[in-house]
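One structure is given here, and the rest of the page talks about it.
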Amino acid sequence: MANRTILLSAENGPILAADDTGLVLRLSDRVVADLARRLAALPGAEPAFAPSAPAPAIPLDPAILGDIDAWDVTRQGDWLAFTARLPGAGGTRRYLRHASGTAVLAQTPGPVQGIFSIAGGRRFNAPSRVPDFPFHILGTAAFDDPDEVPPLFDTLRHCGLDAALPAALLPRRHAAFRALPLFACAATPRDADDLTAFRAALNRFAALAAALNKAPRIAAICLEVSPDQALPGQDADAFHRTLLSQLDSIAAAVAEAGLPPARLLMTLDCGGWWGSDPTRARIASEGLCRLALCPGAHDVTLTGATAALAQDRLGQPLHASALIQAELESHALEARAARESWTAPILCLVERDGPRKLRALFKSTAPLVIDAEDPMGAGPLAGFALSGAPEGTRITEIAIDPQDPRTVLLGLSADLPRDTPARLDYAMPGAPDPDSRRPGWAGALRDDWQGETGTGAPVYRWALPTSQVIR
């Protein structure tokens with residue numbers, strides 16, 4: 001993957017690429033089918049393989065399913081199909097059960113949608129609840145026992161935020177009378193050098209889709225970037241290159257599994273409430289900003305940071321925090337699937353606007369807002385601060401530019417010489433606050449987009465914490 005160069009790309013991935021062996025052209029399914037039809041018509045061509053007819057549907061007694069309210073049971077191949085009234089908001093609908101087991105899944109239209117994550121323990125350990133549509137969300141994580149043949153899928157017991165994401169998405173689709181897809185979820189540990197578990201999860205996902213005679217499609221791969229990933233001696237540029245290399249490896253694993261390129265939802269993991277190393281935090285956040293602005297050939301969407309999410313005493317997200325993050329990611333996924341712009345506000349450039357003024361320019365899909373309630377306790381400067389400035393030079397005022405709602409204006413207490421290598425910090429970690437049990441990356445800047453969890457809690461797109469050199 002490192003020697004591959006993308007020459008032409010579209011929304012759903014690379015079209016024309018070059019590697020060490022030559023040019024690589026990706027053809028659409030329609031073109032491939034047309035070529036197969038034409039080749040079969042050539043003189044002397046071997047007759048095309050005729051696929052076997054589907055197995056006939058055999059009616060069965062509903063009692064074979066046990067003591068559930070089900071009827072119209074048929075067996076077709078390895079699957080039992082039936083209509084039933086089962087727990088959840090789905091009501092009466094068609095379901096499937098594999099002949100080899102008792103686990104039930106919903107019979108759904110379209111491809112199987114995959115939700116994968118490569119992250120730390122906080123994401124996997126996020127509290128989960130029984131979703132409103134439990135038979136639309138399955139588990140296909142890597143199977144741990146090498147001596148056992150893995151089942152096609154796992155019933156949903158606990159998949160953390162990977163299951164909470166489709167659990168937030170499905171009720172909105174149901175309320176809008178839209179199709180309810182089947183989601184397969186798999187969480188894998190964050191390890192830059194080992195994607196073994198991720199590859200196993202991809203293979204299990206593809207096997208499930210093949211067994212259902214459906215196309216596999218990765219809806220999203222959710223990645224969390226942590227300051228712990230910053231290595232000694234790295235700067236933001238090196239961290240950016242490391243992240244790009246990791247995304248290349250992930251893309252290669254997806255391609256090896258025979259799956260189309262995946263959409264990436266990325267979050268800054270701000271660590272536990274007890275605090276983070278400021279130097280590594282600055283490197284990781286600035287490097288992630290650069291990745292969001294310069295993602296290479298990858299489809300990267302920045303969902304934000306975990307700075308606003310409260311934790312328990314062990315540093316794990318509270319149930320309300322997990323709902324907020326899942327709701328945010330589900331909106332990002334739905335917007336990007338509809339080819340709409342979606343991003344948390346990202347600080348792109350800080351420039352002098354006179355001797356005592358700065359302009360901070362953000363990439364944002366909606367106008368910026370300084371939150372008056374300040375839930376993270378950022379203070380009157382909304383989390384902005386100077387580093388490397390002369391003693392006595394500090395920020396005295398901030399405001400959203402009335403002429404450009406994606407720009408923040410900052411006033412200074414003294415002149416800032418142009419030869420001073422100062423930086424503008426936003427929401428960099430401070431002293432731990434055991435009372436709030438938030439990670440301590442306090443900021444009050446967001447855009448004016450707002451969502452809502454199923455429990456009625458507001459959901460905001462907070463600006464990404466970062467640090468940028470003042471130009």
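Reckoned from all heavy atoms, side chains included, excluding hydrogens, waters and symmetry mates. Note that the coordinates shown come from a computational prediction; the quantities given were computed from them, not determined experimentally.
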Salt bridge between Asp228 and Arg190, side-chain N to carboxylate O under 4.0 Å? no
Asp353 CG to Leu412 CG distance, which is reported to the nearest 0.5 Å: 10.5 Å
Would you sort out whether Thr365 and Thr343 count as a side-chain hydrogen bond (donor to acceptor under 3.5 Å, both in side chains), showing the intermediate values? CA-CA 6 Å; Thr365 52; Thr343 184; over 6 Å; no
For a side-chain contact (heavy atoms from CB on, under 4.5 Å) check, start with the C-alpha distance between Asp154 and Thr140, then their side-chain angles and the critical distance, and finish with the verdict. CA-CA 6 Å; Asp154 302 321; Thr140 53; over 6 Å; no
Reported CG-to-CD1 distance for the pair Leu180 and Ile137, which is rounded to 0.5 angstrom: 10.5 Å
Just wondering, do Leu212 and Leu182 contact through their side chains at under 4.5 Å, heavy atoms? yes
Any heavy-atom pair between the side chains of Leu265 and Trp342 that's under 4.5 Å? no
Smallest separation among heavy atoms of Ala201 and Thr188, with atom names: CB-CG2, 4.5 Å
Could you walk me through whether Arg406 and Ser364 satisfy the side-chain hydrogen bond (donor to acceptor under 3.5 Å, both in side chains) test, starting with their C-alpha distance in whole Å, then the side-chain angles of each, then the deciding distance to 0.1 Å, before giving a yes or no? CA-CA 7 Å; Arg406 291 168 176 78; Ser364 176; 4.7 Å; no
Once ring pair (Phe, Tyr, Trp, His ring centres under 6.0 Å) is applied, do any residues pair with Phe205, and if so which ones, sequence neighbours excluded? Phe116
Set of residues satisfying ring pair (Phe, Tyr, Trp, His ring centres under 6.0 Å) with respect to Tyr460, sequence neighbours excluded: Trp462
Are Gln325 and Leu309 packed together at the side-chain level, in the sense that at least one heavy-atom pair is separated by less than 4.5 angstrom? yes
Mark yes when over 12 heavy atoms from residues, nucleotides or ligands other than Arg217 sit less than 6.0 Å from its CZ; otherwise mark no. no
For the pair Cys222 and Leu165, evaluate side-chain contact (heavy atoms from CB on, under 4.5 Å) and give the outcome as yes or no after the intermediate values. CA-CA 10 Å; Cys222 303; Leu165 193 164; 3.9 Å; yes
Can a side-chain donor-acceptor contact be found between Arg172 and Ser330 if the only test is distance below 3.5 angstrom? yes
Looking at side-chain heavy atoms only, is the closest gap between Leu247 and Val300 below 4.5 Å? yes
Can you tell me how far the CD atom of Gln246 sits from the CG atom of Leu291, to the nearest 0.5 Å? 9.5 Å
Restricting to non-hydrogen atoms, name the atom on Ala366 and the atom on Arg461 that form the minimum distance, rounded to 0.1 Å. CB-NH2, 3.9 Å
Kindly give the heavy-atom pair with the smallest separation between Ile395 and Leu381, and that separation in Å. O-CD1, 3.4 Å
Considering only heavy atoms from C-beta outward, does the side chain of Glu286 approach that of Arg423 to under 4.5 Å? yes
Mind checking whether Thr396 and Arg356 have side chains closer than 4.5 Å, heavy atoms only? no
Enter the distance from Ile221:CD1 to His298:NE2 here, rounded to the nearest 0.5 Å. 10.5 Å
Is there a side-chain contact between Leu223 and Ile250 in this structure, where contact means two heavy atoms from C-beta onward sitting under 4.5 Å apart? yes
Between the CG atom in Leu170 and the CZ atom in Phe183, the distance rounded to the nearest 0.5 Å is 5.0 Å
Carboxylate-amine/guanidinium proximity below 4.0 Å for Asp162 and Arg123: yes
Quick one: ring pair (Phe, Tyr, Trp, His ring centres under 6.0 Å) partners of Tyr426, sequence neighbours excluded? Phe384
Rounded to the nearest 0.5 Å, what separates atom CD in Gln311 from atom CH2 in Trp273? 9.0 Å
With side chains defined as the heavy atoms from C-beta onward, is the minimum distance between Arg352 and Ile470 less than 4.5 Å? yes
The residue among Glu327, Glu329, Glu334 that forms side chain to side chain donor-acceptor pair (under 3.5 Å) with His331 is Glu327
